Amino acid sequence: MWLVIIQLKIGIILTFFSLLFAVASLAERKILARIQNRRGPNRVGPCGLFQPIADGIKMLIKEDVVPRKADRALHFLAPIVMVAPMVLLFGILPYGGGLTLVDLEVGLLFFFAVSSVSELAVFMAGWSSANKYSVFGAMRAIAQMVSYEVPLVLVAITPVMVAGSLSLVHMVEDQAGYAIGVIPNWFVLTPWGIVGFLLLFVTSLAEANRTPFDLPEGESELVAGHLTEYSGFKYALFFMGEYFGIFAGSGLAVALFLGGGGAPLPLLQWIPPYLWFFVKLVVLVGIVIWVRASLPRMRIDQLMDLCWKGLVPLAFVNLIAAAIWHYSGGGWQGWILAGGLLVGAYLMLNRVVLRSRCSWERKYYLAKS
Amino acid sequence: MNVVLFIIAALILVGALATVCVRNLVYCALSLAATFAALGMLYLALGAEFIGWVQILVYVGAVAVLIVFVILLTAPDRMRSVGPLFSRSRILGVGVSLGVFGTIAYAVHKSGSLKGSLSMPAETDMQSIGEELLSSYLVPLEATGVLLTVALIGAVLFAREEPVEGSEESQESKD
Amino acid sequence: MTSTEEVESISEKSERLLNISMGPQHPSTHGVFRMKAVLDGETVVKLTPVFGYLHRNHEKLAERTSYLGNMPYTDRLDYFCSLTNNWAYALSVERLAGIEVPERAEYLRVITAELTRLQNHLAFLGFLLNDMGVWATVLIYGFREREKILDLFESLTGARMMCNYMRFGGCRCDVPDGWVEEAKRITDELPGVLDELEQLLTDNEIVVARTQGVGTVPGRKAINAGLTGPVLRASGVNYDVRKVDSYGVYDRFDFSVPLGSVGDCYDRFMLRLLEMRQSLNILKAALNELPSGPIINPKAKNRNLRPPAGEAYGRIESPKGELGFYLVSDKSGTPYRYRVRPPSLVNLTLLEDMCVGQKVADVVVILGSIDIILGEVDR
Amino acid sequence: MSTLQVLLTVSALLFCLGLTAALTRRSVIMILIGIELMLNAANLNFIVFWRAHGDSDPSGGFMFALFGIAVAAAEAAVGLALILLVYRHYRSTRSEDLNKLKG
């Protein structure tokens, strides 16, 4: 009996995320179009709703081109190694309300261990294509993902410290309940939580190679990075892996800082938790798309500077701030101490990181003759 | 249960064999990653959940990726290398290895204390691991922390590029 | 460092250097441009521009074509700014043949040239930001405004990009009814758009980080390399053909020339924004003062023009820099020698100096900030 | 043979494969890979013995393996940095080319 229930759950979760992938790929194009004063896809079906299906058919029947000098085995394996771990990540997200698949005691560790496998997939894709742009993109991707894993793990440790567990389900339980009857006890509503949430969001953007950190496939210099020689369904798989990565990263942010399936108001608790979870997840995915439409890409040295001189120190300070908050009991003293520490650290880091290169003030003359 | 262990053990050995014998360095590194992953699976199957995932995180996610990165940096064109695969001392090396293996295998086979079966895994929840780390294993933990920091600084110092003559600096002074 | 030393040091390091060929098929080389780049990691060590993929034999063709027949060819040089190309060519033929231009035509030329400058710079901002990876957002905002100006061109000349509007001694046709009012309306709207662009872009941290200190050209070096236009003025050199030559009726308008101080990509980008505001001033005045009268000198001969033997050089400030046409006549119906001084090509001379020592990603930004059109580079 | 013995033999085989790689392959990177394999064999031993004798010391082998992984990570980082340095100096990663003490 439990086998049936588990399979049912797996079915629901996989269907949901596959559907979300289709919807998100359409939504991304629609939202981008709206932000850019365009209409976006509107030919297939009502309002272009069937565009993902058309895209899927196109991808499936497209010729699979493999360069002659390419390493065929690795070229074939890379998309699979990309997608498989991302799918595994959905297994441990705490959807709540009985939909949670597995409550691993080492859930967070599982998350990072499995998601780090995608780095190898990127390498396999880049190297096996036998294309200089591909190798270049793969090297950038590996450097970027390895670097941003450091602040990502450091930030994810803060809620672990406060909740006292690596289990994501336990962490969501720790954020249940409401202060003064209305304000939810989410970690994001604490000084270290808001900083941690923002850091986690930024680092997951970088881990998923999204704008403004999409250097590995930066089309203006590297054509398409490690994806240059991919076409057809293999390319679609990479695309899917990237999206699944975004979903999983957003799910992690929801579980760690946004209270998982908790309702924002006690009044709204009749809505089942998994719906709340998915609503929060979809909102985060929307923000990711919004960011893509509005920010230019960073350069590789600026990316590394931001990581090692900005995010990593800030993540460490955040760890200390969380400890201070925890031991000061979380009242107004906590806000002053932890908040003051974080604001001070931010201002100092801001000076260091930003002042290094830019001189902001520029003078322009208007010559009359 | 034992069947699963044997399958994983076979995976580990096949992966390790491929790592040692394959000519292409990239294949070596990737089969090394597969070996690491299989080892992680073995730890999981043996009930060491935490170690299993740490193994995958550290070895597959970091060490294998680093090795691959260094292969890319050092031999971009020579990955499909020509020339002999093994060094001149190959016969001696294999002999030494076989000798070591024979010794260990003999000891394992003859030892009386190893005849017993595996006992049930001890209770290792995360809470107790954390408490142990910060109480009885505090000094090793701190020492490891210091070691990792020193290794980090050392690696950065080693890998840092000395400014090459005639690169940016002289370019700037030219203007 | 001399070039032999450079080669030696490059070959010495060659094992870790990566040769890549950016272009001619590449998403951000603005056409079929090619750069052979030698990279040390992410840093550019050497960069050789290769062009000629779009060579159409423009100058030789012109020597076999009548003077008037060349006019539509000039549209295809810098296909974003066909009207300024027309004007530069018409100006040099008028100097060669000694043709006067009536006042209304001069005003129309100024109006169309400044409109051309506006639409070119709007597209430039979009393409530059595209090279930084903004996924076409700014580009489409720029194109939204550019469309309005192209509509003006269409109602005036019948074509949106290949206008073929100027004639020796004036312009081809007069403005249609309501055109001036429509142009005024669009010029009144544009400052708001520019404010918006300025607000969104000039303080954007990533834009600042990507452009400040990138591809810096000192003023003297820029003069020595013969750079012109916004690229030269970004380095702080006060040189604008509109002021220096005051061809046409530019001396009647009150406008100033914006000058940068550092000469990096940020300055080049800001200068275009500032120049657009000056263009708007000129446009406003020109549209208000547009005199009545003939649009073409009735005595001017266009068909079968056989100018007296001699040579002439006419130059104007095109949106990209100094655009000049050098003509030699042997009294026949076709030019004996026809030579274009294309600002896009000349501005490219410093490309390698700008790029060496920068990162690969900067190369596309630098190329974008020079603002080239391959039709003009290769001719 | 008991399961314990089988696992220990596997560990021994893994160790010897690593040793073979370290002793016979020409590439410095392969030597490092061999060392990694040997370290992993040692870790496997710790875990197996922890499983076998967990009753007397519930966390000893476990902790040993944990520290082993941490130290091995440091070793890999420094080793790879050294290889990079050597490569820059000698333009080669073959162990036979690295036969001079002075560059």
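As the structure is a computational prediction, the values presented were derived from the model and not from experiment. First the proteins, then the strands, lettered A, B, ... as listed; each starts at 1. Hydrogens, waters and symmetry mates play no part in the numbers below; they use all other heavy atoms, side chains included.
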(Q) Between D:Val78, D:Val71, D:Ile47, who has the most heavy-atom pairs with chain B when the cutoff is under 4.5 Å? (A) D:Ile47

Q: Would you give the length of the straight line joining atom CD1 of B:Ile12 to atom CG of D:Leu13, rounded to the nearest 0.5 angstrom?
A: 11.0 Å

Q.
Using 0.5 Å steps for rounding, measure from the CG atom of B:Leu98 to the SG atom of D:Cys16.
A. 7.5 Å

Output side-chain donor-acceptor pairs under 3.5 Å for residues 50-69 of chain B, partner residues at least two apart or in another chain, one line each.
unit_1	atom_1	unit_2	atom_2	d
B:Gln55	NE2	B:Phe36	O	3.4
B:Gln55	NE2	D:Asn40	OD1	3.0

Q) What residue in D:Leu32, D:Val10, D:Leu82, D:Leu44 has the most heavy-atom pairs under 4.5 Å with chain B? A) D:Leu44

Q: Quick one: pull up OH in B:Tyr137 and CZ in D:Phe67 and give me the separation to the nearest 0.5 Å.
A: 8.0 Å

Q. What part of D:Ile29 is in contact with chain B, defined as an atom under 4.5 angstrom from a non-hydrogen atom: side chain, backbone, both or neither?
A. side chain

**Q.** chain D contact via B:Leu17 - which portion, at a heavy-atom distance below 4.5 Å
**A.** both

Q) Can you name the residues that form a side chain to side chain contact (heavy atoms under 4.5 Å, CB included) with B:Ala18, not counting sequence neighbours? A) B:Val22, B:Ser31

Q) Which residue out of B:Thr35, B:Leu141, B:Leu152 racks up the most heavy-atom pairs below 4.5 Å with chain D? A) B:Leu141

Q: Enter the distance from D:Ile69:CD1 to B:Thr144:OG1 here, rounded to the nearest 0.5 Å.
A: 12.0 Å

(Q) Within this structure, what is the CE-CG distance for the pair D:Met30 and B:Leu32, rounded to the nearest 0.5 Å? (A) 8.0 Å

Q. About how many Å separate CG of B:Leu92 and OG1 of D:Thr24, when rounded to the nearest 0.5 Å?
A. 10.5 Å

Q: State, to 0.1 Å, how close D:Asn43 and B:Tyr43 come at their nearest heavy-atom pair, and which atoms those are.
A: CB-OH, 3.4 Å

Q.
For a quick test of reading the model, state the closest non-hydrogen atom pair linking D:Leu23 to B:Ser97 and the distance between them.
A. CD1-OG, 4.4 Å

Q.
Ignoring hydrogens, what is the shortest heavy-atom contact between B:Ile104 and D:Ala12? Give both atom names and the distance.
A. CG2-CB, 3.6 Å

Q: Could you tell me which portion of B:Leu42 (side chain, backbone, both or neither) has an atom closer than 4.5 angstrom to a non-hydrogen atom of chain D?
A: side chain

Q) Counting heavy-atom pairs under 4.5 Å to chain B, which of D:Leu80, D:Leu37, D:Leu84 comes out on top? A) D:Leu80

Q: Provide the closest heavy-atom pair for B:Ala155 versus D:Ala77 in the form atom of the first, atom of the second, distance.
A: CB-O, 4.0 Å

Q | Options B:Gly95, B:Pro140, B:Ala9, B:Ala29, ranked by heavy-atom pairs under 4.5 Å with chain D, top entry | A | B:Pro140

